[in-house]
Participant: 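So that we are looking at the same thing, I have put the structure below in structure tokens.
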Amino acid sequence: MSATPHEAAPHETTPGGDTPGEAAPRHDGVPQQPGGAPETSERPEAPGQLAPTPSQTIGPFYGYALPFPGGGDMAPAGHPDTVTLYGRVVDGAGEPVPDALLEFWQAGPDGSLRGVPGSLRRDPATGAVVGRDGVDFTGFGRVPTDADGRYVLRTLPATAPAGRPDAAPYIAVCVFARGLLHHLFTRIYFPEDTAAHATDPLLSRLPARRARTLVARAEGERRYRFDIRLQAADAGDGGEECDEETVFLEFR
């Protein structure tokens, strides 16, 4: 995948068409689940041609080797501007996903996307990952969910990428979880940036009810909650509006 979480070629199906260089919402929901019937073509394969091998998954094994010490502590230790971001990853029934892995990327305080190396430092003697140095802001985090599907991230306030005057501040997220043949990308925006949301190249193209799934909720001073729902819940018998699936993005 050549695109980064901040630079994406879109596959847009909402009104307005494609906008080069911007992420676009997925239009097909969560990828095909294990055991589901694969998509087939109405035209049979030509003689001598083989159909592409479908994606497969086993595990998950995200709890082994991938998490690293301090993976959720993106802000340097003791930084006065630290904010806490937390929430849950749930499935379509609202049940927690206890073994998901979330990766976070965000622009530096100056809007730079270059980041600073050092999140995955290794002990030169043992080769073991020892985590961050506690000083530099690297712009990267990796957090597993717990038994209740919860995660916690401590980071600096989000900023918009430099050179993109219409973009609102956001944090990019990648979701790995059981049953996902392909990882999912989404974003976290923040409620104090409402004015910027109106011109953001992604949020401004979404219906209001869908855009709300990308905006964290303030819960106390410098605390935000952002839940990730992998599928929409079924509508109730009374016809009430169902819980919305989080908007996921397609990169190509």
Side-chain angles (χ1 to χ4, degrees), residues 4-6 62-90 96-123 128-162 167-177 183-194 196-197 212-230 246:
T4 72
H6 303 284
Y62 303 131
Y64 174 74
L66 289 174
F68 63 94
D73 297 325
M74 291 174 63
H79 197 292
D81 296 332
T82 299
V83 298
T84 299
L85 177 69
Y86 60 96
R88 301 175 72 214
V89 179
V90 298
V97 180
D99 46 15
L101 188 75
L102 306 180
E103 291 189 345
F104 301 88
W105 295 267
Q106 70 181 92
D110 61 352
S112 170
L113 296 178
R114 293 190 302 273
V116 176
S119 291
L120 300 175
R121 292 183 312 123
R122 291 184 177 274
D123 186 307
V129 175
V130 295
R132 308 178 191 281
D133 61 12
V135 177
D136 295 314
F137 178 73
T138 66
F140 172 75
R142 180 184 291 160
V143 184
T145 57
D146 66 13
D148 296 317
R150 300 182 185 277
Y151 73 91
V152 178
L153 182 75
R154 294 177 179 84
T155 187
L156 297 183
T159 55
Y170 68 86
I171 298 175
V173 188
C174 183
V175 183
F176 303 83
H183 43 278
L184 302 176
F185 291 95
T186 188
R187 288 180 178 177
I188 304 173
Y189 292 84
F190 293 86
E192 61 266 28
D193 303 314
T194 302
H197 294 172
R212 283 195 294 269
T213 70
L214 298 182
V215 181
R217 185 170 69 247
E219 292 194 343
E221 186 177 0
R222 310 187 74 81
R223 288 162 49 98
Y224 301 89
R225 177 163 184 164
F226 184 79
D227 294 332
I228 298 174
R229 180 176 285 274
L230 299 182
T246 299

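Residue numbers run from 1 in the order of the sequence given.
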Participant: Quick check: does any side chain N or O of Arg142 sit under 3.5 Å from a backbone N or O of Leu101, one acting as donor and the other as acceptor?
Facilitator: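 Judged by distance alone, no pair lies under 3.5 Å.
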
Participant: Any side-chain to backbone donor/acceptor pair from Thr155 onto Leu85? Under 3.5 Å, distance only.
Facilitator: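 Side chain of Thr155 to backbone of Leu85: no pair is present.
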
Participant: For Phe68 and Phe140, take the angle between the two ring planes, folded into 0 to 90°, and tell me which bin it lands in: parallel under 30, tilted 30 to 60, perpendicular over 60.
Facilitator: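 Aromatic pair Phe68/Phe140 classed parallel.
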
Participant: Do Thr145 and Pro96 touch side chain to side chain, with heavy atoms closer than 4.5 Å?
Facilitator: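 Thr145 does not reach Pro96 side chain to side chain.
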
Participant: Can you tell me how far OH of Tyr224 sits from OH of Tyr189, rounded to the nearest 0.5 angstrom?
Facilitator: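 The OH atom of Tyr224 is 16.0 Å from OH of Tyr189, to the nearest 0.5 Å.
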
Participant: Looking at every non-hydrogen atom in both residues, tell me the closest pair between Cys174 and Trp105 and how far apart they are.
Facilitator: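 Closest approach of Cys174 to Trp105: CB-CZ3, 3.5 Å.
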
Participant: At their closest point, which heavy atom of Val97 faces which heavy atom of Ala177, and how far apart are they?
Facilitator: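 Looking at all heavy atoms of both residues, the closest pair is CG1-CB, 4.1 Å.
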
Participant: Looking only at non-hydrogen atoms, find the nearest pair between Ala100 and Val89 and report the distance.
Facilitator: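 Residues Ala100 and Val89, closest heavy atoms: CB-CG1, 4.4 Å.
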
Participant: When you measure from the side chain of Arg154 to the backbone of Thr82, do you find a donor-acceptor pair of N or O atoms at a distance under 3.5 Å?
Facilitator: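 The answer is no, because no donor-acceptor pair under 3.5 Å joins these two groups.
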
Participant: Could you tell me if the side chain of Val175 sits less than 4.5 Å from the side chain of Leu230, heavy atoms only?
Facilitator: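 Yes - at least one pair of side-chain heavy atoms lies under 4.5 Å apart.
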
Participant: Answer yes or no: is there a donor N or O on one side and an acceptor on the other, between the side chain of Asp148 and the main chain of Arg150, under 3.5 Å?
Facilitator: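 No.
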
Participant: Nearest 0.5 Å, please: how far is CD1 in Ile171 from OG1 in Thr159?
Facilitator: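 Thr159 OG1 to Ile171 CD1: 9.0 Å, rounded to 0.5 Å.
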
Participant: Is the backbone of Thr213 close enough, under 3.5 Å, to the side chain of Thr246 for a donor and an acceptor to pair up by distance?
Facilitator: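 Such a contact is absent between Thr246 side chain and Thr213 backbone.
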
Participant: Without swapping roles, check the side chain of Thr138 against the backbone of Gly115 for a donor-acceptor pair under 3.5 Å.
Facilitator: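 Pair absent, no side-chain N/O of Thr138 close to backbone of Gly115.
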
Participant: For Asp110 and Ser112, indicate whether the former's side chain and the latter's backbone hold a donor-acceptor pair under 3.5 Å.
Facilitator: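 Flag set: sc Asp110 to bb Ser112 pair under 3.5 Å.
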
Participant: Please name the pair of heavy atoms, one in Arg132 and one in Arg121, separated by the smallest distance, quoted to 0.1 Å.
Facilitator: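 Closest approach of Arg132 to Arg121: O-NH2, 2.9 Å.
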
Participant: Nearest 0.5 Å, please: how far is CZ in Phe226 from CG in Leu102?
Facilitator: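 Rounded to the nearest 0.5 Å, the CG-CZ separation comes out at 10.0 Å.
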
Participant: When you measure from the side chain of Glu219 to the backbone N and O of Tyr86, does any donor-acceptor pair fall under 3.5 Å?
Facilitator: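 Not confirmed, Glu219 side chain does not pair with Tyr86 backbone.
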
Participant: If you compare all heavy atoms of Ala168 against all heavy atoms of Ala196, which two are closest, and at what distance to 0.1 Å?
Facilitator: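 Closest approach of Ala168 to Ala196, heavy atoms only: CB-CB, 3.7 Å.
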
Participant: Quick one: are Ile188 and Phe104 in side-chain contact, heavy atoms under 4.5 Å?
Facilitator: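 Yes, at least one pair of side-chain atoms sits under 4.5 Å.
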
Participant: Over all heavy atoms of both residues, which pair between Ala167 and Pro161 is shortest? Give the atoms and the distance, please.
Facilitator: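 The pair with the smallest heavy-atom distance is CB-CD, 4.4 Å.
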
Participant: Can you check whether Phe190's main-chain N or O pairs, donor with acceptor, with His197's side chain at less than 3.5 Å?
Facilitator: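 Yes, His197 side chain to Phe190 backbone: donor-acceptor pair under 3.5 Å.
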
Participant: Without swapping roles, check the side chain of Asp227 against the backbone of Arg88 for a donor-acceptor pair under 3.5 Å.
Facilitator: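 Flag set: sc Asp227 to bb Arg88 pair under 3.5 Å.
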
Participant: Measuring only between side-chain heavy atoms, which start at C-beta, is His183 closer than 4.5 Å to Glu103?
Facilitator: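 Side-chain contact under 4.5 Å: no.
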
